[in-house]
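For reference, the structure is listed below as structure tokens.
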Amino acid sequence: VALAYPYGDFGQADYTNTPEAAAINRELVRKHFDMTFVQEQYGINSSSSNPLDLKRFEIRKDMSAEQLLGKLALSEPWVQAKLAEADIAVRADQLGRAEAIYGELRAAGVDQPALWAGQGSAARAAGDAYDANRLLVQAQSVYSAQRANLEPATYDRMLNRTRIEARPDAGTDAQGFSDSQDNSRALLAARAGGWAGPVRLQGWAGQGEYRGPAFAGGPTIGIRQREGGVKARWFAGRGVELGASYGRRYFLGEDPKAFELYSAEAAFRPHPRLRLLLRDGMGNVETAAAVRDGRRFHNDGAGLAWDPAVNWKATADYDVARYNDSNSENIGRLRLQRRFFDRYTLGAAYLRGDSRRWNPDYYTPRSLNQYTALLGYGQPFGGLSRRTDAPRGFASAEYESGYGFQSGSSRFVQSIRGRLGYRVLDALSLNVEGQYATSPAYISRQLAAGLTLNY
């Protein structure tokens, strides 16, 4: 009734020394058999398959029934398509959509290394190195028994990457800021962190200086500063993430001052395509004149991120800051972006900012409306690490421009952001970020650099 070509070979190889063998064998077999089978990796056939070109795969003598069922489940075309769809969602930073797909596969009975590895990649993209490492260890530990579709070296490199990111780390940060009101500040800090189960812990300490005019057009003052604190980030599972930080900032000089800093935030996914964020915080206003006058603020905010379709992302944020000088500020932001070819991003944004009053100590917008378009580009460079398969470097830039309307007038506004990251070694990375932004009445400039060692 049927013939399985030995090793799937009927002379079809390009390197054969008898090119006519394939046609002769096919014609002879067709005369005597209703079905023929060619060996390959999956062995999947459908009602539309050519009966003279059916697929089969080898069952090794050491394969158990459980392993055979696992391979059949993973080789199912629907499963392969879903795994590919989840991978696309991870690359598009739509992690809720990816987790929903993995959940659909688990509900269908798929419990294989390829699934765990995909979930590990999604966890790593979310910053959860602990869960990523756990899932990839699980995938690698059963690979040799089930022979998943990835090569062993691929699992090793993926696991090496998450193991490095899950190690304790130490580093230094340098930050600089200046604006159009002649304010500036600089900070140099040291930090160290590590993982305690699903909780990421970090502590920091640093010193810096604030400089700026005492009053508009007045003489410049400078205030030295020291600070320290701790923060935690807890990946609680099922799309829930909690974060908190506490610190103190000391200002030295003739009139020393101390400010408490804290922040708290909670993020969760009520739907795979929707992520909600709540935040609360308190700190000091970061200009020299505001520090001298003891200006503090309390901030409350909320945001959401929505993934309407693959490679589309919409975000909305609203924050209210209340200052101890009876001033208050309301900021709302809307943004819609579309990603192309894993490198380009196009989008549009709207910003609404308003405050109770203008204050000479610090900048707060009044009746500001900004409408902008944005273009982004990201590019890995430097090749791939042989140990982790990660790009050595990554560079990205975003340009945003449009018009801002304030006090009955309009003005061209723009923002330029850039980021450069490079792994000097697999466990040693350097990051540099910068931003230049204009509004109708204000210009700001920021630069930050950091060096991190995972040990």
Side-chain angles (χ1 to χ4, degrees), residues 90-91 93 95 121 123-130 132-133 157-158 160-178 184-195 200-208 227-233 235 241 243 245 247 263 265 286 337 339 342-345 374-400 415-437 444-455:
V90 172
R91 293 173 181 269
D93 192 29
L95 305 181
S121 296
R124 190 190 61 77
D128 188 355
Y130 170 79
N133 187 67
R157 291 191 291 266
M158 293 173 68
N160 285 339
R161 184 174 182 180
T162 63
R163 278 178 169 166
I164 290 172
E165 294 173 356
R167 292 176 185 171
D169 64 85
T172 59
D173 292 307
Q175 302 174 15
F177 171 86
S178 66
S184 65
R185 64 178 180 266
L187 174 68
L188 182 63
R191 52 179 163 75
W195 289 85
R200 164 77 173 162
L201 300 172
Q202 189 175 70
W204 82 92
Q207 61 181 10
E227 67 175 58
V230 293
K231 60 182 177 180
R233 188 180 180 190
F235 295 88
E241 184 181 331
S245 69
S263 67
E265 63 179 29
E286 297 188 76
Q337 295 174 277
R339 190 178 181 186
D342 281 345
R343 295 184 182 180
Y344 299 93
T345 302
L374 60 92
L375 170 65
Y377 179 77
Q379 173 67 54
F381 66 92
L384 300 178
S385 164
R386 293 184 179 181
R387 186 182 177 192
T388 66
D389 246 1
R392 283 293 182 189
F394 187 83
S396 65
E398 182 181 89
Y399 179 71
E400 186 175 349
S415 172
I416 304 171
R417 303 179 185 90
R419 175 179 174 271
L420 176 66
Y422 187 75
R423 289 188 174 274
V424 184
L425 301 170
D426 289 327
L428 181 65
S429 59
L430 172 68
N431 287 281
V432 180
E433 299 183 37
Q435 178 178 352
Y436 171 83
S444 64
R445 314 165 194 90
Q446 299 182 62
L447 182 64
L451 188 67
T452 302
L453 172 67
N454 297 87
Y455 58 91

Expected list for residues 448-455: side-chain donor-acceptor pairs under 3.5 angstrom, two or more places apart:
unit_1	atom_1	unit_2	atom_2	d
Thr452	OG1	Arg191	NH1	3.3
Thr452	OG1	Arg191	NH2	2.9
Asn454	ND2	Ile164	O	3.2

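Closest non-hydrogen pair, Phe381 versus Ala395, comes out as CE2-N, 3.9 Å. Smallest separation of non-hydrogen atoms from Ala123 and Ala132: CB-N, 3.8 Å.
Side-chain polar atoms of Ser396 and Arg419 form no donor-acceptor pair below 3.5 angstrom.
Distance check, rounded to the nearest 0.5 Å: CZ of Arg233 to CG of Asp128 gives 8.0 Å. Taking CD1 of Ile416 as the reference point, atom OH of Tyr436 lies at 7.5 Å (rounded to 0.5 Å). Taken from CD in Glu227 to CD in Gln207, the straight-line distance is 10.5 Å, to the nearest 0.5 Å.
Ring orientation note: the planes of Tyr130 and Trp195 are close to parallel, at an angle under 30° on the 30°/60° scale.
Arg185 places a side-chain N or O within donor-acceptor distance of the main-chain N or O of Glu286, the cut-off being under 3.5 Å.
Residues in residues 163-172 take part in these side chain to side chain donor-acceptor pair (under 3.5 Å) pairs, two or more places apart or across chains: Asp169-Arg200.
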Passes side chain to side chain contact (heavy atoms under 4.5 Å, CB included), Arg392 versus Asp426? Steps please. CA-CA 8 Å; Arg392 283 293 182 189; Asp426 289 327; 3.2 Å; yes

Go through it in stages, so that I can follow the logic: the residues are Val432 and Leu447, the test is side chain to side chain contact (heavy atoms under 4.5 Å, CB included), and I'd like the CA-CA distance, side-chain angles, deciding distance and then a yes or no. CA-CA 8 Å; Val432 180; Leu447 182 64; 4.2 Å; yes

Show your working on side chain to side chain contact (heavy atoms under 4.5 Å, CB included) between Arg124 and Met158 and close with a plain yes or no. CA-CA 10 Å; Arg124 190 190 61 77; Met158 293 173 68; over 6 Å; no

Determine, step by step, whether Leu374 and Gln337 satisfy the side chain to side chain contact (heavy atoms under 4.5 Å, CB included) criterion, reporting the C-alpha distance in whole Å, the side-chain angles of both residues, the deciding distance to 0.1 Å, and the verdict. CA-CA 8 Å; Leu374 60 92; Gln337 295 174 277; 3.9 Å; yes

